[in-house]
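Reading through the structure tokens given below for one structure.
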Amino acid sequence: MVNMDVLKEKVGKKAVDIVKDGQIVGLGTGSTTHYFIKYLGERVKNEELDIVGVPTSYQSLILAREVGINISTLTTLGDNEIDIAIDGADEVNSNLDLIKGGGAAHTLEKLVDSSAKEFVVIVDESKMVDQLGKFPVPLEIIPDALQLVKNRLIDMGGKPELRMGIQKDGPVVTDNGNFILDTKFNEILNPADLEKELNTIPGVVENGVFAGLADKVIVGKMSDIEEFDRD
Ligand code: 5RP
């Protein structure tokens, strides 16, 4: 049995090597980027790097602070560009299209990842798929839109489920105060079209399909580490 956590640590540690002194770095969310942020903090401390991190969630903000990474936000950065964003994913296909949002952070992740000059995804090998869609697509929605969005998703052939909290009664409430509808589609033949269509539903803040955004995917495997670049 492969321990995915070992692979997450392996790839998170590896990604730290591509960050250069003086860069503004988008900090993704999740258990893989946890390792990236942790080891980036070690590099910042040991090599006295001048790095500014732009977190994509309270989770990455709190961890980055703990490990001594200076923090900024998209608002405070103004027109200073993010040099590189490093983030995890729930599924990756051979086109480097992604499903994200397993941690309900995909709205800010999409903003930060889209704002970066380079967007690098780090995953363990279990995330690589032939076709996206086994993992339900998370949609962040305004709470008042729950019924309308559910109906529209069902009309589109989706099976939406309101994500429920763990050790918290009722639904998950995102960092932005919204709900998450995890939506299973039978098959996702065209991720870019689905991404656009989902965002046209009134009340949808953002969906977890990231089509055509990743520049590079680094995959932690038992045997080695493999890298895929957008052509
Ligand atoms: C959070 C995300 C994560 O990047 C994604 O869920 C992968 O998480 P993990 O590294 O824990 O497997 O999109 O919203």
Side-chain angles (χ1 to χ4, degrees), residues 2-16 25-40 53-64 82 84-93 96-116 119-129 132-141 161-166 171-184 188 191 194-195 198-199 204-211 213-221 225:
V2 182
N3 182 350
M4 291 308 162
D5 201 54
V6 172
L7 303 186
K8 286 172 192 235
E9 178 161 13
K10 190 171 171 180
V11 77
K13 196 172 181 182
K14 166 84 180 169
V16 165
V25 183
L27 305 173
T29 296
S31 52
T32 317
T33 49
H34 169 92
Y35 288 114
F36 167 70
I37 296 170
K38 182 182 143 201
Y39 286 111
L40 184 62
V54 183
T56 52
S57 61
Y58 286 127
Q59 184 204 42
S60 55
L61 167 73
I62 291 164
L63 178 61
I82 297 175
I84 187 165
I86 313 252
D87 204 346
D90 300 296
E91 280 187 350
V92 181
N93 71 11
L96 312 191
D97 300 321
L98 320 171
I99 293 183
K100 286 185 50 54
H106 57 277
T107 298
L108 194 50
E109 289 175 326
K110 203 179 271 191
L111 273 169
V112 169
D113 300 342
S114 302
S115 303
F119 171 34
V120 177
V121 177
I122 51 174
V123 288
D124 64 75
E125 60 188 339
S126 71
K127 307 292 183 67
M128 301 305 291
V129 297
L132 297 182
K134 198 159 176 219
F135 194 91
V137 177
L139 288 96
E140 178 162 2
I141 62 157
E161 271 190 33
L162 183 62
R163 192 181 296 180
M164 301 308 280
I166 294 170
V172 163
V173 178
T174 69
D175 289 358
N176 310 308
N178 295 315
F179 292 170
I180 296 287
L181 275 177
D182 290 307
T183 307
K184 190 92 184 61
I188 300 178
L194 181 66
E195 179 176 10
L198 291 174
N199 280 359
V204 171
V205 179
E206 191 51 81
N207 72 81
V209 180
F210 287 45
L213 195 59
D215 297 301
K216 181 192 271 297
V217 176
I218 310 179
V219 186
K221 298 162 73 173
I225 288 178

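First listed ligand is number 1; within each ligand, the first listed atom is number 1.
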Anything with a heavy atom under 4.0 Å from ligand 1 counts, so go ahead and list those protein residues by chain and number. K8, T29, G30, S31, T32, D87, G88, A89, D90, K100, G101, G102, G103, A104, A105, H106, E109, K127

If you count the non-hydrogen atoms of other residues, nucleotides and ligands that lie under 6.0 Å from NZ in K13, is the total more than 12? no

Considering all heavy atoms of both residues, which atom of L139 and which atom of N207 are nearest to each other, and what is their separation? CG-CB, 4.0 Å

Does E195 have any salt bridge (charged side-chain N to carboxylate O under 4.0 Å, His left out) partners at least two apart in sequence or in another chain, and if so, which? K110

If I compare all heavy atoms of P55 with all of S60, which pair ends up nearest, and what's the gap? CB-OG, 3.4 Å

Which pair of non-hydrogen atoms, one from A211 and one from D97, has the smallest distance, and what is that distance? CA-OD1, 3.4 Å

Heavy-atom count check: over 12 atoms from other residues, nucleotides or ligands less than 6.0 Å from K14 NZ? no

